[in-house]
Structure formats: C-alpha cells, structure tokens
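Because only heavy atoms are used, hydrogens play no part in the values below, and waters and symmetry mates are left out as well, while side chains stay in. Protein chains get the first letters and strands the later ones, always in sequence-line order, with residue 1 at the start of each.
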Amino acid sequence: MFDNDSFQQRVWQIVAAIPRGYVTTYGEIARLAGSPRAARQVGGILRRLPAGSKLPWHRVINRKGEISLTGDDLNRQRNALEEEGIEVSNNGIISLTRYRWQP
DNA sequence: AAACTGACTGTTA
DNA sequence: GTAACAGCCAGTT
C-alpha cells in the first residue's frame, strides 16, 4: 500500500525515534531499516539532510563510539551531545556502554 | 544508464 | 590493543 517508502525515509524515521540523551550507530540504523550492510549509506543520507531538518542526526556515531565527523562539524556534534547531557571526551569518544539506545 | 562517492563495518594481520 | 583492506549499497552525477 504505502510502497513509496525508501531506505532514506526509513532512516529518517528511525533517527527521529532516538530519544534525547541516547546515541546509536550507523550500523544499527542500517539493520533497523532492513539493510544490515548499508551503514555507509546511513552516513551518506545524514550528510545530505536538508538544512534546517529537525532530525537528531547528532545522536548517530560509529561503532567505536567515536564521532565520525571532523573539524567544525565534529565540534557542532559534540556540542549538541553535551547539550543533552552526554559526556564526550576530548577526542570525540562517547561511551556506548552508557548511552546506547536499545529500541 | 553507467560510474562515482563515501557521517561504515567486519575481517585480517 | 591498533591498523590496513576490501566489501558494501543507496544516493548522486
């Protein structure tokens, strides 16, 4: 019926569901979206989010618990995370043990 | 339509 | 423990 959904739309939906104060990984989102090997695409989709999107893209990090972005983007993501009480080390590392979202 | 891209990840050394 | 490699596949050109 609603077959107009794309992988991209499912990713948007899932990211939107990550609660404040929690994080998850690209790979986890790919799995939830039904394409377990498409972690890289998740990053690609988030990179191309429309400006002004309200999606909490900053709650998505890599499997090592690091922020995958660099430079200014890394700083913006770190600020957004600390803003919601998530502790981020100077190197951009987050404790997945503490903050991982489990749907 | 074909080629290129890469906010990743599992495997291997 | 870390580092290098190669597969991965939706989106973009």
Side-chain angles (χ1 to χ4, degrees):
Chain A
M1 186 179 194
F2 296 110
D3 58 350
N4 60 332
D5 70 323
S6 57
F7 180 75
Q8 177 177 71
Q9 288 177 340
R10 294 199 299 278
V11 168
W12 289 342
Q13 181 89 23
I14 292 160
V15 172
I18 305 170
R20 188 185 168 83
Y22 288 86
V23 298
T24 191
T25 64
Y26 300 99
E28 175 69 7
I29 289 173
R31 249 182 287 112
L32 293 173
S35 188
R37 311 295 172 87
R40 204 168 186 168
Q41 283 48 257
V42 174
I45 287 163
L46 295 183
R47 183 166 65 85
R48 296 166 166 81
L49 276 183
S53 167
K54 287 193 283 288
L55 280 189
W57 57 269
H58 56 274
R59 295 178 189 149
V60 185
I61 61 181
N62 68 29
R63 72 166 193 125
K64 295 180 291 201
E66 298 172 318
I67 293 174
S68 289
L69 296 177
T70 59
D72 290 346
D73 290 333
L74 187 153
N75 287 327
R76 283 198 282 102
Q77 182 166 8
R78 178 166 52 212
N79 285 339
L81 289 169
E82 287 174 340
E83 194 70 27
E84 18 189 277
I86 294 171
E87 191 179 330
V88 184
S89 81
N90 300 348
N91 300 346
I93 301 183
I94 295 138
S95 168
L96 274 171
T97 309
R98 282 182 62 191
Y99 297 112
R100 187 196 289 278
W101 170 52
Q102 23 239 66

What parts of residues 41-53 of chain A reach DNA chain B, counting only heavy atoms under 4.0 Å away?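 Contacts with DNA chain B under 4.0 Å: A:Gln41, A:Gly43, A:Leu46, A:Arg47.
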[X] [atom1] - [N] [atom2] separation (whole Å):
X	N	atom1	atom2	value
A:Glu66	B:dT9	CD	P	10 Å
A:Asn62	B:dG10	CG	P	11 Å
A:Leu96	B:dC8	CG	C1'	14 Å
A:Ile14	C:dA10	CD1	P	14 Å
A:Ile67	B:dC8	CD1	P	12 Å
A:Arg37	C:dA10	CZ	P	13 Å
A:Lys64	B:dG10	NZ	C1'	12 Å
A:Gln9	C:dA10	CD	P	15 Å

Donor-acceptor check, side chain of A:Arg100 to backbone of A:Thr24, threshold 3.5 angstrom: yes or no?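 Flag not set: sc A:Arg100 to bb A:Thr24 has no pair under 3.5 Å.
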For the backbone of A:Pro36 and the side chain of A:Arg31, can you confirm whether one donor and one acceptor N or O come within less than 3.5 Å of each other?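 Here the side-chain-to-backbone pair does not exist.
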Which of the following nucleotides, [options], is nearest to the side chain of [X]?
X	options	answer
A:Phe7	C:dA10, B:dG6, B:dA7	C:dA10
A:Arg63	B:dG6, B:dT11, B:dA7	B:dT11
A:Leu69	B:dT9, C:dC9, B:dA7	B:dA7

Distance alone, cut at 3.5 Å: any donor-acceptor contact between the side chains of A:His58 and A:Glu83?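 Side-chain D/A pair, A:His58 to A:Glu83: absent.
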Between [atom1] of [X] and [atom2] of [Y], what distance do you get to the nearest 0.5 Å?
X	Y	atom1	atom2	value
A:Asn62	A:Tyr26	CG	OH	7.0 Å
A:Gln8	A:Leu46	CD	CG	9.5 Å
A:Ile29	A:Ile18	CD1	CD1	4.5 Å

If B:dT11 has a Watson-Crick or G-U wobble mate with both distances under 3.5 Å, name it; if not, just say none.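 In the structure as shown, B:dT11 has C:dA4 as its Watson-Crick or wobble partner.
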Is A:Ser6 close enough to C:dA10 that one of its side-chain N or O atoms is under 4.0 Å from OP1 or OP2 there? no
Remember a base hit wins even if backbone is also touched, and classify A:Ser35 as base, sugar-phosphate or nothing at under 4.0 Å, heavy atoms.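 Sugar-phosphate, no base atom in range.
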Would you call A:Arg63 and A:Glu28 a salt bridge, using N to O less than 4.0 angstrom? no
If you find the nucleotide of DNA chain C closest to A:Gln8 and the one closest to A:Arg40, which residue's nucleotide is nearer the 5' end? A:Arg40
